[in-house]
Amino acid sequence: MNNDKLRELVAKMSVREKLAQLTQLTPICFGNDAFTQLTGPDAGLRVDKDDQPHVGSVLNCIGAEKVRVIQREHLNRNKYNIPLIFMADIIHGFKTIFPIPLAVGCSFSPQLAQKAARIAAVESAVSGVHVTFSPMADLVRDARWGRVLESYGEDPMINARFAEQNVIGYQGESIHNENSIAACVKHFAGYGAPEGGREYSNAEISEGTLEQMYLPSYKAAVDAGAKLVMISFNTINRVPMTANASLVKSKLRNDWKFDGCVISDYNAVGELMAHGIAKNGAEAAERAINGGMEIEMMSTHFLANGEELVNNKKISLQQLDDATLNVLKLKNDLGLFENPYRGISEEKEKELHLCQKHIKVARDIAIKCPVLLQNNNQALPIGENEKIGLVGPFAKSRHVLGAWSAGNTEGVSLMEGLASQIGADKLCVASTEELGSLLEGCQDIAMPNITLLKRKLAGCKRVIVAVGENQNDTGEGASKTDLHLTQNQMKLVSEVKALGKVVIAVVFSARPLVLQPILENCDAVLQAWFLGSESGNALADLLLGNISPSGKLCMSFPQCEGQIPVYYNHMRTGRPQQAGNATRYASRYIDCPNEPLFPFGYGLTYSECSLQNLKLEFDKQLRLSVEITNIGSRKCTETVQVYIMHHTASIALPAKELKDFAQAELNPGQTQTVSFNITQQMLTYILNGKNVFETGKFSFMVGTNSENCLHAETNISQEQYECMERSQYDINT
Ligand code: GLC
């Protein structure tokens, strides 16, 4: 249907029918309790019979059969034959579950996100999904917040590249293709900066930090063609985003030319009253619509008050028509008018869901995400023929998918992964049940039974202690102030150490935990995250040395909660702490170092690499090159990272910022030269929506993490800048 036809359709609709088209509900609101999955508070929302046929979209109803039934019933009652659009949270896979996004960010391989998103689209489209509320592009710095798991960490460039690749993966060549789904980037903007790390609290972000740190990832998703943008719960500059015309209309619509659909978050329109900027539902609807909201998710203030708002000229009919047209355009672009059942196939569900091809990709991705944080005396990898101890709450656990796993619950456990490769007879499993009752719901253990532990582990030199945080303590509504492992888990680590074993901690978590207390009792520590369907198999591949770990932290690990927020791209200070200078009057703590326990970009391999011969050459282009040599005894993949600091500019800028990275796969003894083309955009900062270059001295820091780098510096003139290559990411292009 062309746009004229769509406009004709809008013109036929009554105001109330348009308002219903802008409303998104779960089937529970139609009385279909069986067909729903609530992801927010159930306010007992129900819509009456004569409005139901005109509701525009459905939230979190998935499954070919269910969607077909609801769509058919709807079309039988909608007098314009306008199909429903089905939207869902497909965050890191649909049936084949991939590692949580925070883990995938540690792969430093954005193309893996595209691969995972493509499979998620193929698997969910056959189950009736048309839109996914992904990628989440919220930059995060505070591990107390439960939703850091959905983010790609603390760096703007990493978040931008991964958000972009997710959109490309979900949408493919066109969202009209039946194996594509539309991407909805979220949560615009700054939801990742809740004060105190406390869920849904205020975000205090300066204009400069918002522009340079938080907005680039949403823009990357919009530039990649995301069809929807979901607005965040938080306030920016004391205006709730759901009513923030300045950012939604002027930045998103006017500056970024976003022409897709803007959707509120769950009940966020109604929550403008709780924010204290609307005294009733009518004011909430007015503020939201004038703030640029088009689809109201899981509240009905538009429906209940829209007609009066139009009559009282609080909102214009044009706004309503534009929003309704946008929703119909999205349905049209998806091909839903031609075929309301586009893509749905019970047969293909059986053929595609968790098929071997997808499972293999899930394992290949999962292998790239764990981060080796410590490996003293080559405690890892484990030899094939030795007996291995395996203890702790995650030894046998299949609850390793991570939150937001689209209703799926189980993946391959660590025990299953190891046993499938070395045989169950090589494993001495002292699992939670034997060690003491599994304290229900908290994924913990009772105080370990040492006598039993000693007996069980008698034949083992090395013991894997599988610890971590309960998945229920992660995700939305799961902020916490204590990021330690539980006392019993820390006790288990020390008791196994006290038995004289080589201790290998494998940490299952959806956020950086405070691991400092266990380090002295561990010979090796592998940050496993939640790796999805193939968790146990991927971890076994790494622990047994089939492949070396290659992950690099995309989010810093704090020494303690008191350090939070701690991140690498922090601003400078007038009184920087100088190494070796214990003056009181410097930017420091008296009881903790400034540096995180493990910094952004950090991750060990089973080998060792050296960097040398850093060169900075200007010949029309500014090229940076460095040699990397594998001086260890095993093949490995290293990630060479380039950080840049602008020494002096009109505004204060971070001490360093990641501007490029490249991976090198090296055999023992092999040397590679890794080269980077420094583009204009890398030397700029963003101000008022533009890349700004200022001449002067620049430092270039190159390393395999953000702390230990080789340095080079040079002055760059305006004319040199003008000759330099422009990248596709240059905002001025
Ligand atoms: C939730 C989340 C959002 C999700 C939406 C629909 O409250 O904030 O990320 O997509 O509701 O489930």
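In each ligand, atom 1 is the first atom listed, and ligand 1 is the first ligand listed.
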With a 4.0 Å heavy-atom cut-off, what residues sit around ligand 1? Thr39, Leu59, Asn60, Asp89, Phe133, Arg147, Lys186, His187, Met230, Phe233, Asp265, Tyr266, Met297, Glu476
Among Val269, Thr23, Leu25, side chain to side chain contact (heavy atoms under 4.5 Å, CB included) partner for Ser299: Val269
Donor-acceptor pair, distance only, cut-off 3.5 Å: does the side chain of Gln111 make one with the backbone of Gln165? no
Going by the rule ring-ring contact (aromatic ring centres under 6.0 Å, His included), which residues pair with Phe94 if we only count those two or more places apart in sequence or in a different chain? His353
Backbone N/O of Pro340 and side chain of Gln71: donor-acceptor pair under 3.5 Å: yes
When you look at NZ of Lys18, are more than 12 heavy atoms from neighbouring residues, nucleotides or ligands closer to it than 6.0 Å? yes
Plane angle bin for Tyr191 and Tyr200 - parallel if under 30°, tilted between 30 and 60°, otherwise perpendicular: parallel
